[in-house]
Amino acid sequence: MQLLEGERELILSTVEEVLQNSSRNREDLIPSLQRVQSKLGYLPALAMEKLAEGLDIPAVDIYGIATFYNQFRLNPPGKYQVKVCMGTACYMKGGEITLESFERRMEIEEGETSPDRLYSLERVACVGCCTLAPVVVVNDDHIEGYVTPTRVDGIMLEFEEADQKEEETEKETEEETKKTAAEGGKNK
Amino acid sequence: MNDYVNITIDDRKIKARAGEKLLWVALDNDIYIPHLCAVREKERSNASCRLCFVEIEGMARPVTSCTQVVREEMVVRTRSTRIDRLVKTAFELLLSDHNLSCRECPANGNCELQKIAKERGLKLRQKRFKAIERDHTVDDSPDEFAFDPSRCVLCGRCIWADREEAGVGAIGFANRGINSVITTFEGVSLAESICTQCKLCVEACPVGAFYYKKDKKA
Amino acid sequence: MSADSPMDNYEKLFEVAKQNEEARREKPRILLGTASCGVAAGALQVKEFFLKEIESHGLDAEVVEVGCIGHCYAEPLAIIAKPGFPAITYGNLDEGLVHLLVEDFLAGEDPCYEYALAAVDRNDVFPTFEDFPRGIYENKLILEQCGYIDPESIDSYIEKDGYRALAKALSDEPARTLDEVKASNLRGRGGAGFPTGRKWETSLKAGGDEKYVICNADEGDPGAFMDRSILESDPHQVIEGMVLCAYAIGATEGYLYIRAEYPRAVKRVREALEQAREKGVLGSSILGTEFNFDLQVFQGAGAFVCGEETALLSSIEGRRGVPRYRPPFPAVEGLWGKPTVINNVKTFSYVPHIINRGADWFKSIGTPESPGTAVFSLVGKVVNTGLVEVPMGTTLRELIFEVGGGLPDGKEFKAVQIGGPSGGCLPESALDVPIDFDSLHEAGAIMGSGGLVVMDEDDCMVSVAHYFLEFTQQESCGKCTFCRLGTKHMLDILTDITRGHGDEERLTLLEELAEDVRDGSLCNLGRTAPNPVLTTLKYFRDEYKAHIEEGRCPARACRDLVLFYIEPSRCSKLCNVCVGSCPTEAIYTRDDGLKAIDQEKCVKCDNCRKACPPEYNAVIKLSPPVLPPEKEKKRT
Ligand SMILES: Cc1cc2nc3c(=O)[nH]c(=O)nc-3n(C[C@H](O)[C@H](O)[C@H](O)COP(=O)(O)O)c2cc1C
Ligand code: SF4
Ligand code: SF4
Ligand code: FES
């Protein structure tokens, strides 16, 4: 995975900060990884190496842990993340079908991030809202219940709209900054 | 406390050092028990290969001999219908995920799997389970040895050698479940990793997964 | 302060708590269920509606976020407690209902009984949940306060005699606490039912001055959410139980190991720990005594196998969550090699009650061998999904049909899955089995941690077995041969069967392999993984046969063995609903106006069948997947 501009610095400073708040015992390893991931969205190789140095353990052990637990990801997540619950109740009420609908709409397989890093799709073990099955978790904090394939279309539409809006505001601010920059230039 | 205990294995009376694990006592007395994962120096065996089962009088279930400490008057059977069935299944399961190409394998003739097959009258070419398909690539980056994951039985002995004997920490387990592998950090080649090429892993490997490269075109 | 006895110190806390809580009650209060189940149903939006309405009516009322009262089928739920009225529960809240309740009840005097579910306490106006038919079967001990107290306020817990058991225990020798727990015959609720007192005693006797107490809140069993609900609704109950255990065995440190997927539970527990330290019921010199014990939360990182106690320990120690061979058991050599008691959330929750009311009281509930209650999350094809607590010994039939209200939509009961991926599927004929550790074990299922899934005629037992096995296969740590490779081959065989590719020989192999994986695996994940397969083979073998011999799925659930078909004689021609519902545009209109499905395009998502208006019900599933011969010609 190619690091984007500025990412290297961000990774280094994040690990630095996490290490500073750590007792540097092995016991702190998993919580440290969790903190790094919650800041960066994933565990870049560089971060694992730096943590290994900081905690004085073989880097391959961190790699072993990162690939063992479901929570950790080695690749950056999409901007819109969907996790489809595969608990018993969700499965019985059609979770598999929901997952497939997302795969179709996002044009990626479960476990992948779309090439433009816009979407990522995962399956999760029971999120504990069985009575609302089938359930999906959107962007880690928002739980949607009763997600039928039709609702999948709705959710995707919401993503698209949100993204468009964001692009527009981005453009606007860009134009604005351009304008002010231009004006600033004039003033000079 | 006595330094020795008296036990019986397959009707043979044996004097064993107290505290010793049953597997080593049997092997030292030329009683073969199949085993892949146990390391004598290791206090606690991984007990992961599930080949070293024996029956002990008074115990309801077969136990792994690599974890079982000998006790005074213990009566042990290394063979029984139950044991043979478990060992056969474990063995065949391992082979269903093993690249069986003995003729090309450098470990041919010096392989623990072949030994188990011979001792227990099991077939290497098992038919019960479909072969598990994978695409593994051989890492032949080190100067004198190479690693072929398609032959690895995940016993973990190479990791023990890497950590405890060599004190390096270049290799370890990664992934989970059926996707478990022996690997370096981020899966880079051994030559690119912190591996010192001490070759202790090759010595440790009971099969031909870590192996010495033949002298060029010998 | 420390000169006072622990009970004196407690009484002071109690007085303060009572005053604070009474003051809170002077205002009308809305106790809104915001456990994960409620939040998922939209409770946080409902909170906004309440706040908005309260403000626009210029009222002085408090909205309190509480936990889950277990009636999850009616979420979002709230209890409205207005001075002068009985506290009443309302379900299925939405913007309109909130408006009505605030306007008529809070601003006015009309409690809108027509929308009420039940009253909280007995009164002469409105029935309580206990007056429901299911009330006679339920007996809430550890769920009693869930959803009724404010989980974010320790006073709310103390006021209900919370931490009184701790004060009582601290007034006496630690041995008294241990004796009481031993005498109560409490058995672990994490699955295996191991006697809790015995485990504690082992740890006590293991010696050493460093010991740990760990609460196993990994609850990875898909379809179970009791532990989460208790942590979110009544966190102090668990904490008090853990402090009592620490006192009994002489531990100074402990952890709550909580699943990563439970962020709300983590948050509430962390807050609760903070408050407990402030009140002096946790941390150093607890209740003014010389007893010190502190707790912290460890968040799991998502691995079902970490619920297994030795894997859990590896995980806290910063390693891959891989089980190890036992013995030594954690009670003797646990975290960092020190004696460690690991108990389930529910197990700890019973302890304060046992200390308060005594072992004899506890033994008077349930059965002699399994005293106390059983807590289940009831899900699947059952009317009243949610959390239930019944005395041990209640039969499955009573639980499903009386407490659970039976199956919805007039469907036929087929099986009940108990104990999740380690448990088994029991048929109709086993419904009179009493729920206790030993009877369930005999029937081939296990108590497990309490997931209970009801299945009806539309559920295929082969595919259910496949589902659970797929789960364990994916969650296998991969350490040992049987579980890593055995479950994989079992799953492959099952997959073939659900696709109609099985044969008799491989069915036999499946069964043999299942037995070997059960007998040969290292830990209980592998040892119990075959249970769903073995029980379905035992009770529903004919379904396996139908798949293998006829290529037919009797429940019409296995997607490779069904096809979707629009019955020409039922299709209305005029309605177009199915066409729009299909995500792959597989439905077209034939020349004669009837709708039909292009089988090449159909992904079998079931949308059209659900969309077809009930008066036509024209979309049907056929198994084996063979189209009926065209009847058009005959008609002409
Ligand atoms: C694969 C597996 C998963 C488990 N998951 C849990 C769990 O989520 N919660 C739990 O309390 N016990 C779980 N257990 C059982 C624990 O190993 C342990 O027996 C239990 O926490 C002991 O507590 P108890 O005595 O209170 O039942 C699991 C066991 C296995 C083998
Ligand atoms: S490479 Fe050899 S020693 Fe290492 S785990 Fe595989 S089989 Fe065992
Ligand atoms: S039974 Fe499964 S989970 Fe348990 S040690 Fe073996 S591989 Fe790991
Ligand atoms: S040698 Fe005992 S389990 Fe491998």
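Numbers restart at 1 for each chain; the letters A, B, ... are given by sequence-line order, proteins then strands.
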For this session: Specify the closest pair of heavy atoms between B:Ser180 and C:Cys477, including all atoms of both residues, with the distance to one decimal.
Result: OG-O, 3.8 Å
Problem set entry | Separation of B:Leu86 CG from C:Ser521 OG (nearest 0.5 Å) | 9.5 Å
Exercise. Do the side chain of C:Thr481 and the main chain of B:Cys49 share a donor and acceptor less than 3.5 angstrom apart?
Worked result: yes
Exercise. Under the 3.5 angstrom rule, does the side chain of C:Lys479 hit a backbone N or O of B:Asn46 as a donor-acceptor pair?
Worked result: yes
For this session: For atom CD of C:Glu505, decide whether the heavy atoms of other residues, nucleotides or ligands shown that lie under 6.0 angstrom number more than 12.
Result: no
Exercise. Looking at CZ of B:Phe129 and NZ of C:Lys488, how far apart are the two atoms once the value is rounded to the nearest 0.5 Å?
Worked result: 13.0 Å
Exercise. Taking B:Leu51, B:Ile132, B:Leu36 one by one, which has the highest count of heavy-atom pairs under 4.5 Å against chain C?
Worked result: B:Ile132
Exercise. Can you find a pair of side-chain heavy atoms, one from B:Leu94 and one from C:Arg484, that are under 4.5 Å apart?
Worked result: yes
For this session: Count the heavy atoms of every other residue, nucleotide or ligand shown that sit under 6.0 Å from CD of B:Glu73, and state whether that count exceeds 12.
Result: no
Problem set entry | B:Arg134 atom CZ: more than 12 heavy-atom contacts under 6.0 Å | yes
Exercise. Among C:Pro327, C:Gly321, C:Pro328, which has the most heavy-atom pairs under 4.5 Å with chain B?
Worked result: C:Pro328
Exercise. Can you tell me how far the CG atom of C:Asp516 sits from the CD atom of B:Glu92, to the nearest 0.5 Å?
Worked result: 10.0 Å
Exercise. Is chain B contacted by the side chain of C:Phe482, its backbone, both, or neither, given a heavy-atom distance below 4.5 Å?
Worked result: both
For this session: I would like to know whether B:Arg85 and C:Glu515 meet salt bridge (charged side-chain N to carboxylate O under 4.0 Å, His left out); could you show each step before the answer?
Result: CA-CA 10 Å; B:Arg85 174 171 165 180; C:Glu515 287 164 3; 3.0 Å; yes
Exercise. Does the B:Arg50 side chain pair with the main chain of C:Cys483, one donor and one acceptor, at a distance under 3.5 Å?
Worked result: no
For this session: Assess whether salt bridge (charged side-chain N to carboxylate O under 4.0 Å, His left out) is satisfied between C:Asp519 and B:Arg61, documenting all intermediate values.
Result: CA-CA 8 Å; C:Asp519 297 340; B:Arg61 301 199 299 209; over 6 Å; no
Problem set entry | Worked verdict on C:Glu333 versus B:Arg44 for salt bridge (charged side-chain N to carboxylate O under 4.0 Å, His left out) | CA-CA 13 Å; C:Glu333 269 182 54; B:Arg44 270 192 203 159; 2.4 Å; yes
For this session: Supply the atom-to-atom distance C:Leu485 CG to B:Leu93 CG, rounded to the nearest 0.5 angstrom.
Result: 5.5 Å
For this session: Write down the atom of C:Gly520, the atom of B:Phe53, and the distance for their closest heavy-atom approach.
Result: O-CZ, 3.6 Å
Problem set entry | Donor-acceptor pair, side chain of B:Arg176 and main chain of C:Arg320, under 3.5 angstrom | no
Exercise. Near B:Glu164 CD, under 6.0 Å, is it more than 12 heavy atoms from other residues, nucleotides or ligands?
Worked result: yes
Exercise. Do you know which of C:Gln474, C:Gln473, C:His489 has the most heavy-atom pairs with chain B at a distance under 4.5 angstrom?
Worked result: C:His489
